[in-house]
Amino acid sequence: MGSMDDWHRTFAQSTLVPPHPQRARQLSKESEAFQCVLKWLEGPLMKQGVLEVLSEVECHLRVSLFDVTYRHFFGRTWKTTVKPTKQLSRQPPRIIFNEPFYFHTSLNHPNIVTVVEVVAEGRKRDGTLQTLSCGFGILRIFGNKPESPTSASQDKRLRLYHGTPRALLHPLLQDPVEQSKHLTLVESCSLQYTLKPHPALEPAFHLLPENLLVSGLQHIPGLLSAHGETGDALRKPRLQKPTTGHLDSIFFTLFPSLEKFEEELLELLSGDHFREGGPLGGGTLEVLERRLHVGVHNGLGFVQRPQVVVLVPEMDVALTRSASFSKKVASSSKSSSGNQALVLRSRLRLPEMVSHPAFAIIFQLEYVFSSPSGVDSNAASATSFSNLACMHMVRWAVWNPVLEAGSGRATLPLQGGIWPNPSHCLVYQAPLASLSSEEVKQVESGTIHFQFSLSMEARLDTPAEHTNGPKAEWQPSRKPPTSASGPPSPAPQALAASQDSPMGPGLSLSQLAASSQSPALRCSAKPPLQPLDSPQALELPLEGRISHLEVDLSQTSSVLETPTAEHLQELPFTPLHAPIVVRAQARSSGSQLSRAAMVLLQSSGFPEILDANKQPAEAVSPADPVRFSPQKEESDCLQSNEIVLQFLAFSRAAQDYQGAPWPQTVYFTFQFYRFPSTTTPRLQLVQLHGAGKTSSGPLSHILVPISKDGSFDAASPGFQLRYMVGPGFLKPGEQHWFINYLAVQTLQIDVWDGDSLLLIGSAAVHMKHLLRQGRPAVQVSHELEIVATEYEQDMMVVSGDVARFGSIKPIGVHMVVKGRLHLTLANVGHVGERRTKGSSLPPSRSRVISNVGASHFSGGSLLTPGSPRPGKNVVQAQKLADVDSELAAILLTHTRAGQGPRHMDHEADTVRRRKLERMRSVRLQESRGEPSGRRMNMLAQQSVRAQHSRDLQVINAYRERTKAESIASVLSLAITTQRTLYAAPGTAEFFEFALKNPYNMQHTVTIEIDNPELSIILDSQEWRFFKDAAGLHTPLEEDMFHLHGSLAPQLYLRPRETTHIPFKYQSFSAGPPAPTQASAELTSEKSTDTRSPGKWSAMPTKHAKVLFRASGGKPIAVLCLTVEPQPHVVDQVFRFYHPELTFLKKAIRLPPRHALPGAPMGMPGEDPPIHVRCSDPNVICEAQNMGPGEPRDVFLKVASGPSPEIKDFFVIIYADRWLAVPVQTWQICLHSLQRVDVSCVTGQLTHLSLVLRGTQTVRKVKAFTSHPQELKTDPDGIFVLPPHGVQDLHVGIRPWRAGSRFVHLNLVDVDYHQLVASWLVCLSCRQPLISKAFEITMAAGEGKGANKRITYTNPYPSRRTYCLHSDRPDLLQFKEDFFQVGGGETYTIGLRFAPSGSPGQEEILIYINDHEDKNEETFCVKVIYQ
């Protein structure tokens, strides 16, 4: 029994005391590994009396884990080697240990500590061994901050206390224990040690139980021995190679029979249930399931979670499996007296076996019982007894396989009773003989039979050396073997280790829910049935709530082979598509306008930009450097800035050939500062007569506004937009931010086709030249490139392109210059209006806010908001009903005039009063001569007096009720500090609040914040980073705040002490969504449009409040923040068109590190830390690590909405770990469109139909496409779309180049210029087979071109009609596009080649199609221009 004894010995020595039940119920975290080295013990620890009484005195250390909160020791005590005390004679006395121990725990809490005890042992005079405790120390593992373990690896000294660690169990010792007056320090004694995290132990977590302290010299089953002289196997653990084993034909035999065993078990359960007070007629117990737990155990713990499968009686298997299998099971179980067996219908795979004597396979047989609530148990549903389910472990067995044997059959005895077992729960044992029937008296515990085999790879890799252990019986025995003998020691209840049992592949159709209130769980402690304190029933109630369905394992071989899931190793990230490369700077002006182009623009009649004195604004060149002085800008006497945008002309790109589509009208969209997004009216492109040429292309069209009737006046060209930014628009302190906006911001302008509503491209222009620097007005003219970005469709590689596993076809990202926009920007200075009220705000750049001096009350009204006028402590008395609407609503005599608005027209009020006076006079005269009239008048006066008396009582009661609240509200103003922040999204605004304790006693201050975007800086390193960036020299403290779970942080303040509290405000929200691109008619069609300062801001003001409460709950200070959001500084805009209701996945490559402004350079070869945040929390955004030295990609995953929704969000890139200042800000616009997939051949016409659905009214619509040369629609002009009707739009596609790309198709209302429908046509084009190839050479330049001829022979016997097409109609023209040729005859095709302006070569394809426009043949002509 050598091998089995090894497992039993290891198992007995590794018994652990579990953590406190309250601690175990808390949310578990990832386990962390630690290494602690106990170096030496220093000081006169041994008393002289001990040395005189004992001889041969030696010393050792004991280490245990302790929970200070619950005063509970757990785990297992670890001991060092024994050291002699002769070393104490030296000075200073020192005993050297230098022994490391290791452990890992998930109990990451500051109150989880290790206790080190110093123990001396020696022999008395009678020779007996005596041990004495000489002191102990408390070694803190985790710091005071949650989830921040002690990471310092330098030597530390541990102070020692008198007594034994049992003193920690005394109730008078409260946390912090080290400061208790009941503990006494041992003078001049300490223990030198180091404690640090040990991540190298993580791969061996499955071999070491949690909270087990082990030495590196201790042999751990499953680990190889260490190299070198140290022998420390845990410093760098090396795992033994695992072996995969298989278990087949598993069946259990229970004696005298399965029926008798289960009948006896149910009777005992029912008896226990009745003795515990359960109802007598509550129904009989029944067996729901018979489960088998199988796992590999290394003596210390289960290597992996045990697999859970369901056993069924042999007769049930015979009904569902083949006759051959039934015969096989029957023959296997004949030896068990012909009794029915429990059979497993599947094969088990154990991939974690290791050739080690302590590795064993554990079998645990578990029964699941249920008691139906009704009389008819057959009619009870699963839900009726789900609350009365309970589980009991009835038998278990352990087997150590001999891996060299390869395969064979084994028979094992089953064990039961109170002996220790791997699940640490009490197991059912056979009843006493006096309580059993005659048949049960002669019963054994039962047997398990199975077939064991190794996989082929495992047989080849199994080492030859192996410790020969006891071999289980390899043939089924007719007489069941006796169960292994062992000491019947009771298992302590405190040893319940948490071992979860996952679902296995053979679970049945039951749905179980274990309930702690079920009578079946409260089992008796009498000998027939031991109490069930298993973690499955108590600590882990979810174990009984498994929901599963019937699985026929005979037909699912793949499931049988992989019952457990293995972790895959992650490979370096490889994007599934080529990333989009970000330009380091936004593309701005392409070139400066030539003098000829300036003359042409000036002669076109554009309005001149004048300053406040009606003088022309000073013109600056965009190529000139900008010398910027913020002080000069802020001290300018012209405080109002009128920003002028003048759109002049729009020209086609030089490389664009004339056959390409060109818009007739355009409009522009952009957003300036914090004004709302602007959409200009449609502008007509008017041909410029006698246009010259610039260095980059012809200046062809000027922009002319279109009137409401659709006409335009070419004599009034250009379109102007004006934004007035002055003191009336800017908030106090905002001017600095606006100046900074002009200095660093780039204005992004999108150009749209005014008819088709398709995006033409985008342009970006720097605004730094708008800084006037003391000048009355400046203007700058730009020629901007309109760039369109085309993203081709992502596709995986098909056969033929695969070079290696995972290779892909990169998508095409094309940057095409569509045209050039001629734009003039100007800034005209004006004298600003001064504010009527002075601002008492601190300087905008001040980083320290103080409440010193705010602790006084200057008087004022309790009901009037605000403070009195400065210099005058006078408040005008007002009626209560005029200042409190709640009181006015319940008063009877409050007139309607008092309820009306204060700004009521004075003239109308006077007329109304005059009419009331006349009516009152008339009624008074009528009532003078009549006694009844006098009586009525007296009654009316009495009624009015009664109403006044009631109102006075109401007012008095109201004042008494609101007095305390009003006084407290006014007094809170004395401790309130106001502050305004100007925060740009993504940028962290740092400031410190100087908090003073106004009391003469210490207080623990709780800090409460009502805005999640405002937070306290808790990390001292982060605080130091922001202080250095802001240049603050205020004091910095370590461990300043006390944190407890999710509660508010707390701060200790001494009497009259002032401390600085660091705050950080950071918002990632983007404000209101951008308007959808539904129409071009969104603004007034005027040549000059001035944006009023009174218009709403695109980013509303936010507020945050910080409350500082003292120990008694009273506030000692209040900080009210007003946050004025500033606009994004957008570095680049990405606009994606994607199918609706799908996920967009894109990888965007960052610029090189040196191109990121503000990014730290770092060390050579060191990658900068890249962090990404998104303004939309529903967008997955992360920076992918491609490996050292590789470029960094930002991966986006966005869910597109229904068409035609536009999702607009921002992606912010940081190069510092504290996310202080963004280095890049991207704006992402995702357009959701209806998707249409088309597979076609280049040069061949493909037809499809789209369904159009009418709206509420009749519309005149027209279809537009982004590729009109490749996609045609029918009808191709304007047609009527009836209301609520359904109509087909026929589409013909003839692509000219192969590959996958997107084509946009818009249906537009031509009267209102609104988008009715939009499609994204996804083309997948392949090139036809080229049958012939030709090559010609031509002279480059302004030649006449060339005429050539080629022949084509009709291969058919009948006459056919053919049509000709070319993929380059600008370079090749045909003499005739159609021709007819008889059967077998030859036809000559005339070709006309156009000249090329530059040398090079082009490949032109000629498509010869039949009468149905299907491709018959394709010729390729290679043209070389010399």
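Keep in mind that the numbers below use all heavy atoms, side chains included, and drop hydrogens, waters and symmetry copies. In this text, all values refer to a predicted model and were calculated from it rather than measured experimentally.
Using a 4.0 Å cut-off between charged nitrogen and carboxylate oxygen, Glu1182 and Lys1197 do not count as a salt-bridge pair.
Checking each of Trp399, Phe450, Phe452, Trp396 against Phe363 for a ring-ring contact (aromatic ring centres under 6.0 Å, His included) leaves exactly one that passes, namely Phe450.
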**OP:** Take Trp419 and Val427 through the test side chain to side chain contact (heavy atoms under 4.5 Å, CB included) and record every step on the way to the result.
**Re:** CA-CA 8 Å; Trp419 298 338; Val427 181; over 6 Å; no
Original post:
Stepwise, does the side chain to side chain contact (heavy atoms under 4.5 Å, CB included) test hold for Phe252 with Leu292?
Top reply: CA-CA 10 Å; Phe252 284 78; Leu292 173 62; 3.5 Å; yes
**OP:** Would you sort out whether Leu208 and Ile220 count as a side chain to side chain contact (heavy atoms under 4.5 Å, CB included), showing the intermediate values?
**Re:** CA-CA 8 Å; Leu208 287 173; Ile220 306 299; 3.8 Å; yes
**OP:** Using the side chain to side chain contact (heavy atoms under 4.5 Å, CB included) rule, take Leu16 and Phe74 through it: C-alpha gap first, then chi angles, then the decisive distance, then the call.
**Re:** CA-CA 7 Å; Leu16 299 179; Phe74 62 97; over 6 Å; no
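A distance of 6.0 Å or more separates the ring centres of Phe359 and His297. Ring centroids of His449 and Phe251 are separated by less than 6.0 Å, placing the two rings close together. Checked against the 6.0 Å centroid threshold, Phe205 and His104 count as a close aromatic pair. Taking the ring centroids of Phe103 and Trp78, they lie at or beyond the 6.0 Å cut-off.
Between the side chain of Asp248 and the main chain of Arg347, no donor-acceptor pair closer than 3.5 Å is present. Looking only at distances, a side-chain donor or acceptor of His198 sits under 3.5 Å from a matching main-chain atom of Arg235. No side-chain donor-acceptor contact under 3.5 Å links Thr447 to the backbone of Leu254. Side-chain N or O atoms of Arg76 include none that pairs as donor or acceptor with a backbone N or O of Asn211 at under 3.5 Å. Side-chain atoms of Arg238 come within 3.5 Å of backbone N or O of Ser225 as a donor-acceptor pair. Of the possible polar contacts, one joining the Ser31 side chain to the Thr105 backbone as a donor-acceptor pair under 3.5 Å is found. A donor-acceptor contact shorter than 3.5 Å is absent between the side chain of Ser423 and the backbone of Cys425.
In this structure the side chain of Asp6 never reaches within 4.5 angstrom of the side chain of His356, judged on heavy atoms. In this structure, the side chains of Leu107 and Pro19 come closer than 4.5 Å at one or more pairs of heavy atoms. The side-chain heavy atoms of Val354 and Asn298, taken from C-beta on, include no pair separated by under 4.5 Å. In this structure, Thr243 and Leu454 have side chains that are in contact, with non-hydrogen atoms separated by less than 4.5 Å. For the pair Val343 and Ile250, the minimum side-chain heavy-atom distance is 4.5 Å or more. Within the 4.5 Å cutoff, side-chain heavy atoms of Leu213 are placed close to those of Leu65. Residues Leu223 and Pro237 meet the side-chain proximity criterion, which asks for heavy atoms closer than 4.5 Å. At a threshold of 4.5 Å between non-hydrogen side-chain atoms, the residues Met353 and Val303 do not count as touching.
What you find for Thr10 and Ala358 is that their closest heavy atoms are OG1-CB, 4.1 Å. Lys260 and Pro256 get closest at one heavy-atom pair: CB-CG, 3.7 Å.
Under 3.5 Å, the side chains of Ser106 and Glu32 contain no donor-acceptor pair of N or O atoms. For His206 and Gln304, the side-chain atoms include no donor-acceptor pair closer than 3.5 Å. In summary, the side chains of Glu262 and Tyr367 do present a donor paired with an acceptor at a separation below 3.5 Å, with no hydrogens or angles considered.
Distance CG/Leu288 to CE/Met391: 10.5 Å, rounded to 0.5 Å.
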